Number of protein chains: 2
Amino acid sequence: MKKRDTRQRRAIRQVFLDAARPLTPEEVLERGQGEVPSLGLATVYRNVKILTEEGWLTEVALPQDGMRYELASRPHHHHFVCRTCDQAFDIHQCPPSVEEIAPAGFRVDDHEVILYGSCPACA
Amino acid sequence: MKKRDTRQRRAIRQVFLDAARPLTPEEVLERGQGEVPSLGLATVYRNVKILTEEGWLTEVALPQDGMRYELASRPHHHHFVCRTCDQAFDIHQCPPSVEEIAPAGFRVDDHEVILYGSCPACA
DNA sequence: ATATGTGCAAACTCTTTGCATGGAG
DNA sequence: CTCCATGCAAAGAGTTTGCACATAT
């Protein structure tokens, strides 16, 4: 199926290019409406799904509220979740030897580290 | 508010005492109905919330599907999620200095490490 | 006896889907 | 001119809440 280059899809892509952290569909909607006011939530969901299938976005599975998405091209990093404002922040370091805690017999091919606490604005 | 010791609450507590891994509300319902067939899902949600507030249970935030719960008294550990059978396993080690990767200005009060891969049975 | 706990169903929230219209190619 | 994409509204899935009745204390 051929993909069309619509105003909405362009706006949604731009939102992710401008984002410094993983975004929820709701956040994508708000930001995208700055560019295309008529943008609907269903369109955000549909496009985020398509962009993820295309490998342009990746799902960030943070427990707090729902799935978040970010550019697939970003280098390896982890996340900090603020329990006060519920925002997710990137952490650009990775603890050494994280994957070595797996017991023998388990083959590890990826890992996620999530820190919880208060961000600078909420602390 | 004083807490009563009902059949339902006792059954739910027993489910967690018998569990070897974090459980979803749905799993608690199924297991609890073995003891109290009339048990309702709303009661599970209410009690799981109360037991968490009391500090008897802790929320386990595995991205897969929804929140899971386990005994708070279990020693600190992390989780391995098998991408083949979707089962979660406990890892009884914790990588050193995980929380030190947080940037300045962030106050960390908890962390979670999730490894993904294949468990011994699926490898 | 009294007030909390329960079960049911309705309300809510988040996400997906059906359908008629809009707009890219 | 064709069809895919969009917006709306309704439908689903998961969780919470209101209410009348049950029951622990």
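Not measured: the values here are computed from a predicted model. To find a chain, count down the sequence lines: A is the first, B the second, and so on, and within it residues start at 1.
- A/Q33 places its CD atom 13 Å from the C1' atom of D/dT6, with the value rounded to the nearest Å.
- Counting distance only, with no hydrogens placed and no angle test, the side-chain atoms of A/R9 and the base atoms of C/dG23 include no donor-acceptor pair under 3.5 Å.
- One can place NZ of B/K3 at 9 Å from C1' of C/dG5, the figure rounded to the nearest angstrom.
- If you take CD1 of A/I50 and C1' of C/dT16, they are 13 Å apart, rounded to a whole angstrom.
- The distance from atom NZ of B/K2 to atom P of D/dA24 is 13 Å, rounded to the nearest whole Å.
- When the nucleotides D/dG7, D/dG14, D/dA5 are ranked by their closest atom to the side chain of A/R46, D/dG7 comes out on top.
- Counting atom types as modelled, B/R4 pairs a side-chain N or O with a base atom of D/dT23 as donor and acceptor under 3.5 Å.
- If you measure from atom CD of A/E26 to atom P of C/dC14, you get 7 Å, rounded to the nearest angstrom.
- With the nearest nucleotide of DNA chain C identified for both B/T43 and A/A42, B/T43 has the one nearer the 5' end.
- Phosphate proximity of C/dG23 to A/T6: absent, as no side-chain N or O sits under 4.0 Å from OP1 or OP2.
- For B/H78 and B/H111, the distance between ring centers is under 6.0 angstrom.
- Protein atom CZ of B/R7 is 15 Å distant from nucleotide atom P of C/dG5, rounded to whole Å.
- In this structure, A/K3 does not pair ionically with A/D5, as no charged nitrogen and carboxylate oxygen lie closer than 4.0 Å.
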Determine whether B/F80 and B/Y116 satisfy the following criterion, ring pair (Phe, Tyr, Trp, His ring centres under 6.0 Å), listing intermediate values before the conclusion. CA-CA 6 Å; B/F80 179 100; B/Y116 296 93; 8.2 Å; no

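- Two residues, A/I12 and B/Y45, neighbour DNA chain D, and the one matched to the more 5' nucleotide by heavy-atom proximity is A/I12.
- Linking ILVMFWY side-chain heavy atoms closer than 4.5 Å, directly or via other members, places A/V81 and B/V108 in two distinct hydrophobic clusters.
- Using bins of under 30°, 30° to 60° and over 60° for the plane-to-plane angle, the ring pair B/H77/B/H92 lands in the tilted bin.
- Under the side-chain contact (heavy atoms from CB on, under 4.5 Å) criterion, A/V15 pairs with A/L23, A/V28, A/R31, not counting sequence neighbours.
- The stretch residues 15-25 of chain A has no heavy atom under 4.0 angstrom from DNA chain C at all.
- Here A/Y69 and A/F16 keep their ring centres 6.0 angstrom or further from each other.
- Checking the phosphate oxygens (OP1, OP2) of D/dA22, no side-chain nitrogen or oxygen of B/Q8 falls inside 4.0 Å.
- Rounded to a whole Å, the CD atom of A/E53 is 12 Å from the P atom of D/dA5.
- Atoms CG (B/N47) and P (C/dG5) sit 8 Å apart, rounded to a whole Å.
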